[in-house]
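All remarks here apply to the structure that follows.
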There are 2 protein chains.
Amino acid sequence: MIDFAPHDHDGCIASALAAAEEGCAARGLRLTDARRRVLEILLESHRALGAYDVLDRLRAEGRPAQPPLVYRALDFLVAQGFVHRIERLNAFVACARPGAEHAPAFLICRACEAVAEMPVAPEEGRLGSAARATGFALEATTLEAEGLCPNCRGAVA
Amino acid sequence: MIDFAPHDHDGCIASALAAAEEGCAARGLRLTDARRRVLEILLESHRALGAYDVLDRLRAEGRPAQPPLVYRALDFLVAQGFVHRIERLNAFVACARPGAEHAPAFLICRACEAVAEMPVAPEEGRLGSAARATGFALEATTLEAEGLCPNCRGAVA
DNA sequence: AGGGGAAGTGTTATACTATATCATCCGCTG
DNA sequence: CAGCGGATGATATAGTATAACACTTCCCCT
Ligand SMILES: [Zn+2]
Ligand SMILES: [Zn+2]
Ligand SMILES: [Zn+2]
Ligand SMILES: [Zn+2]
C-alpha cells in the first residue's frame, strides 16, 4: 500500500503470502502454520495490530494460544521482513513490499488507524549525513509519522 | 548535546533548567517540585531513562512516589518540549535544545545507551513530500536511529 | 479574609506489553 | 529408529502505562 487509496486487497494479500513462502523457501526457513496465520491476520487490514489483538483473533477462531506463540511468530516475521513493528503504537503491520530490500517509513492515521508504508531511504537523509559527521555507525532507523490520512481529513471536524 | 563529545555538562544542566523555568513562566505554567526533580534526574545523563528508572531514583532519595506521579510529570515535560520520548526504548530523555522550536531526531548507541539529539526537519525530507503527495496531514514525526556511537565503535570488537 | 474553581498530587487498583523458563513435540538426517 | 535442532505448549513473571477517585494547593475574585 503506497498510499491510502483503495486497491485490490485480495491480490495484495495473496502476493504478500506468496512472497513470504518464497522468502522462507529461499532461506531454508519454515513458514509454519502459526507464523502463516499471524501473517494472514495482519494482512487482513492495513492497520497495526497489537500482539494481544492478534492473540485474541487466534483464540476467536478456536486456536488456543498464549502470548509467547504470538511474540515468537511476530519476531520471526519481523526478522524476515514480512512484518514491521510500529514503535509509536507498540504494534505490528504486514509489510507492503515483502521481498524487496527497503528501509520503510510509516504514515499513521490517528483517526482510522490505517498505516501506509512509504519507500524512503533514511540513511540518505539528513540523519544519515549527521550520523556520518559524528562518526555514528547507523544500524537501524525508525521513521514514523502520525497525522490524518486523506480519507479522515475531510471526515473529522 | 549535538554529538557524543564531552562538554560542559554542568552548564548543560543549568541552561536546560533555566530554559524550563522560563518556558513555564512565559506560558503561565508551573514547574512544580515533582516536575523539576524528574527533569533534573533526566538531565543527569544524556541517556534515556524508563519511567520506572526515574521512579526508582525518586524513591532512592527518600521521596515516596507512585507511577502516576512520574508519568504525569513526564507527560507535562514532554508536552512542553523539555523532554522527548524515545519510542524505540519506551524511555525518556531531556531535550538538548529546550526553548527552541525543533523536530528532533535521535541517535541511540546500543552499547553505552547514550542518546544524541540531532537537529533535523523531517517534514522537509522525503517523508514530507510523500505525505504531501498523498494528502496526508503530518502532525508528529518520530525519527530514531540505533547503532554504535563513535566512542563505542572502537571499544566493541 | 473567605469562597470557589482549576490544577496538581496521593493512593489504590488494574490494564497492557513483553519475556523467562522448562517441558514437549515435530521434522529431518544419518 | 536414534538423535538433533527448531518449533510449540504452558506457566509464571517482568516491564510499561493508565483509570479512578479522594484530597490538597494555588490562584483569582469578591
Ligand atoms: Zn491491501
Ligand atoms: Zn484515516
Ligand atoms: Zn550535557
Ligand atoms: Zn556509545
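Throughout, protein chains are lettered first and strands after them, A, B, ... in sequence-line order, and every chain is numbered starting at 1. All values below come from the heavy atoms of this structure, side chains included, with hydrogens, waters and symmetry mates left out.
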What integer distance in Å separates B:Leu77:CG from C:dG8:P? 12 Å
Considering every strand and a 4.0 Å limit on heavy-atom distances, what is the contact class for A:Pro68: base, sugar-phosphate, or nothing? base
Do A:Tyr52 side-chain and C:dA15 base share a donor-acceptor contact under 3.5 Å? no
Is there a side-chain polar atom (N or O) of A:Arg85 under 4.0 Å from OP1 or OP2 of C:dA18? yes
Would you kindly compare A:Asn90 and B:Ala73 by the position of their nearest DNA chain C nucleotide and give the one closer to the 5′ end? B:Ala73
Using 30° and 60° as the class boundaries, would you call the ring planes of A:Phe4 and B:Phe136 parallel, tilted or perpendicular? parallel
A:Arg35 has its side chain closest, among C:dG10, C:dT12, D:dA7, to D:dA7
Taking only side-chain nitrogens and oxygens of A:Tyr71, does any of them come within less than 4.0 Å of OP1 or OP2 of C:dT19? no
How close do A:Ala94 and A:Glu117 get, heavy atom to heavy atom, and via which atoms? O-OE1, 4.2 Å
Output the single nucleotide from D:dA10, D:dT8, D:dA17 whose closest atom is nearest the side chain of A:Thr32. D:dT8
A:Arg72 (side chain) and D:dG6 (base): donor-acceptor pair under 3.5 Å: no
Backbone N or O of A:Val78 within a donor-acceptor pair of the A:Arg85 side chain at under 3.5 Å? no
Which part of the nucleic acid, if any, lies within contact of A:Ala34, taking any heavy atom under 4.0 Å across all strands shown: a base, the sugar-phosphate backbone alone, or nothing? sugar-phosphate
May I ask you to decide if B:Val93's main-chain N or O and B:His46's side chain share a donor-acceptor pair within less than 3.5 Å? no
Rounding to a whole Å, what distance do you find between B:Gln80:CD and C:dA7:P? 13 Å
Selection from C:dT11, D:dG9, C:dA18 that lies nearest to any side-chain heavy atom of A:Phe92: C:dA18
So, OP1 or OP2 of C:dG27: does either fall under 4.0 Å of a side-chain N or O from A:Arg30? no
